[in-house]
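Below you'll find the structure, written out as C-alpha cells, and then a few comments.
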Amino acid sequence: MSNIRHALTVKRADDFAAWYQEVISAADMAEESGVRGCMVIKPWGWGIWERIQHLLDGRIKDTGHENCYFPLFIPLSNFEREAEHVDGFAKEMAVVTHHRLIGDGAGKLVPDPEAKLEEPLIVRPTSETIFGDAMARWVQSWRDLPLKLNQWANVVRWEMRTRMFLRTSEFLWQEGHTAHDGEAEAKEHTLRMLEVYRACAEEDLAMPVIAGEKPENERFPGAVETWSIEAMMQDGKALQAGTSHYLGTNFSEAAGIKFQNQDGDQALCHTTSWGVSTRMIGGVIMTHGDDDGLRVPPTIAPWQVVILPMLRGKDDDADAQLVAYCEELHEALKGQSACGERLRVTLDTKHGKASAKRWDWVRKGAPIIIEVGGRDMENGVVSLLRRDALWADNGKPDFHSPAKADAAQAIPAMLEEIQSNLFAQAKDQRDANITRGIETLDQLGEFYSAEAQYPGWVEVQWSKPTGAALEQVVEQLKALKLTIRNVPIGAAAADGSCIFTGEPAVERIYVARAY
RNA sequence: CGGGACGUAGCGCAGUCCGGUAGCGCACUACACUGGGGGUGUAGGGGUCGUAGGUUCGAAUCCUAUCGUCCCGACCA
C-alpha cells in the first residue's frame with residue numbers, strides 16, 4: 001500500500017490537524033477571508049451546505065415547523081433579559097455602537113462620535129431572546145400553541161480560537177424555536193428534534209452519532225436540559241454535531257410568553273430551541289475524508305457523478321464525437337433516481353488534461369468519476385472510479401469498465417451502496433474505538449496516557465453528581481483533557497459503581513477528548 | 001486572551017543572522033513532442049516580500065506598531 005501516490009501531501013496518521021486543513025483547500029471548499037475567524041465558503045463547500053440545508057429543511061417542515069427570519073441585530077436590552085443566557089454569551093459578543101463613519105482628516109474613516117447609537121445593538125449569537133419577544137406578542141391563547149418556528153441564519157460568536165467549519169466567528173445554521181402548552185409536550189418536542197438531527201446525520205451525512213443528554217455543566221446558557229448528537233472523528237475526538245434544548249419557562253418568564261389556557265387562567269409557555277450549523281461540514285470531512293481528500297456521501301454531494309471526456313484538444317472531430325458519446329450517458333443518467341432524488345450528474349468538458357481533472361474530482365470527493373476516452377467509445381464502455389474504493393491492490397486507481405448502457409443502469413444502486421458503505425465504515429471505526437470496562441479514575445488516566453495515537457471514547461458509569469461535586473469531576477477530567485460528551489439514550493442500565501465517587505452508579509456516560 | 005512559531009507569485013518554500021537588481025519547485029501561458037491513466041521538452045507571464053510608520057544614500061532583511069494564520073493553554077458550539 002505504501003507505493004500508492006496519494007492525492008494529498010499530508011496523511012491523517014502523520015498530522016491530523018494539518019490534514020484537515022489540506023482537505024479543505026485541496027477540495028476547494030473554503031478559504032481564509034482576512035477577517036479573523038471568518039471564511040469564504042467556495043462553491044464546492046457551499047454546494048454541500050445547500051444539500052444539507054435542503055434535506056434538513058425538509059425534515060424540519062415534515063415535523064410541522066414554518067420558516068421565518070428575524071433580524072441580525074438584537075437590542076442590548078432585549079438580550080439582557082435572561083440572566084444565565086447573558087452570562088453564557090456576554091464574553092463573545094460583537095457589538096454595534098455607531099451608525100456612521102466620518103473622515104479623520106488623514107484619509108481614514110472612523111466612527112462618527114456624533115452618530116453613536118443610544119442603545120448598542122448586538123450581532124446575534126443565537127436568537128432565543130428576540131424570538132421570545134415576538135412569541136410573547138404572537139401567543140395569546142392555548143389555541144395559538146404549539147408555535148413551531150425555524151430560521152436559517154448566520155450568527156456571530158467572537159471565538160478566541162477558530163478552525164474552519166468547526167469553530168468560526170461567523171457561522172451559518174438553522175435555529176428552531178418553539179413554544180408549548182406544558183412541560184411534557186415541550187420535552188417531547190426537544191427529543192423529537194434531537195431524533196430529526198440523528199436521522200439527518202446518519203441517513204443524509206452517513207455520519208454515525210450518539211444521541212443523549214448533556215451533563216449539567218455542558219448545558220446551553222438558560223436551558224433546563226440540553227441534548228446533543230455526538231460524532232466520533234477519525235482521530236477519536238468527539239464532535240458535538242447538533243443540540244436540542246428544553247428551556248423550561250426561563251425565556252417565557254424573561255419575555256412574558258403567556259397564554260390563557262382552557263380554564264381561563266394565565267400560564268407560561270414552555271419553550272425549546274435547537275440548531276445545527278456549518279460545523280456539520282467539518283464533521284463530514286473528519287468522518288469520511290481520506291489521504292486522497294474528501295469523500296462526500298452521495299446524498300449530500302452537489303454532483304454525485306462526474307463524467308470526464310478525455311479530450312485531445314487537437315482533433316475537433318474526434319473530441320466532438322467523444323462529447324456526444326458522453327452526453328448520451330449524461331442524459332441516460334439524469335433521468336434516473338437514487339436515494340429518492342434525481343441523480344446529480346455533471347459533464348466536465350472544461351479544457352485541461354483529463355488526468356489532472358480526475359485528481360481534482362478525487363480531492364473534492366465526487367462519489368463516482370467516469371472517464372471516457374476514444375477507446376472506451378470504440379468499445380462502447382466507460383472507465384468508472386468509485387471514490388469510496390479508489391485503489392486497486394496493485395496500488396493504482398481501480399478503474400472498472402462496464403458497457404455504457406450497463407453503467408447507466410447500475411449507477412443508482414451503486415450510489416446507494418456508496419452511501420451505506422461510508423456509513424458502515426464510519427460506524428465500524430467508531431465502535432472499534434469505544435472502550436468499556438474502565439472502573440477507576442486511575443485506569444482512565446492510564447488509558448489516555450498510554451501513547452495510543454487515537455484513544456477514542458470511553459464509556460464509564462457514574463453516580464451523576466451535581467453542583468460542586470460535579471465541578472470536581474469536571475476538574476478531574478480536565479486534567480486528562482477529557483470532557484463528558486453525553487448520557488446516551490437507550491444505554492444499558494448501570495450495574496457498577498461510579499468511577500469518580502465510588503458510589504453506586506446510576507447511568508452510563510461517554511467521556512472523550514473533543515473539538 | 002496568555003505563551004510560542006509564522007506571513008516573500010495561485011500553492012509549497014529559500015533568501016532575513018551579516019541591508020546593496022526578487023529567487024526555487026509545483027501550478028499557469030505558448031509551441032512542440034507524447035497519447036489509457038498524476039507524461040516530456042523549450043520558451044514565457046506573474047510578487048510595491050501582510051500592512052503602516054521609523055532608521056538608512058539604500059530595507060524582504062534592522063526597529064516599532066498593527067492585522068492575519070498555525071500550535072499549546074484558558075474560554076466556548
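Just so it is clear, the model here is predicted, and its values are computed rather than measured. Just so it is clear: chains get the letters A, B, ... in the order the sequence lines come, proteins before strands, and each one is counted from 1. Every heavy atom of this structure was used, including side-chain atoms; hydrogens, water molecules and symmetry mates were not.
- Here the separation of B:C49 from B:U16, taken at their C1' atoms, is 11 Å to the nearest Å.
- For A:Lys353 and B:G39, a side-chain-to-base donor-acceptor distance below 3.5 Å is present, hydrogens and geometry of angles not being considered.
- The neighbour count for A:Lys357 NZ, taken as heavy atoms of other residues, nucleotides or ligands under 6.0 Å away, is above 12.
- A sub-4.0 Å separation between OP1 or OP2 of B:C72 and a side-chain N or O of A:Lys481 is absent.
- No donor-acceptor contact under 3.5 Å links the side chain of A:Thr9 to the base of B:G12.
- For A:Arg161 against B:C1, no side-chain N or O and base N or O form a donor-acceptor pair under 3.5 Å.
- The side chain of A:Ser355 places an N or O atom within less than 4.0 Å of a non-bridging phosphate oxygen (OP1 or OP2) of B:G39.
- Between A:Arg36 and B:U69 there is a side-chain polar atom (N or O) within less than 4.0 angstrom of OP1 or OP2.
- Distance check on atom P: B:A30 versus B:G68 gives 39 Å, rounded to whole Å.
- Ion pair A:Lys214/A:Glu230 flagged as a salt bridge, since at least one NZ, NE, NH1 or NH2 atom sits closer than 4.0 Å to an Asp/Glu carboxylate oxygen.
- Comparing the P positions of B:G47 and B:U51 gives an interatomic distance of 14 Å, to the nearest angstrom.
- An OP1 or OP2 oxygen of B:C71 is reached within less than 4.0 angstrom by a side-chain nitrogen or oxygen of A:Arg163.
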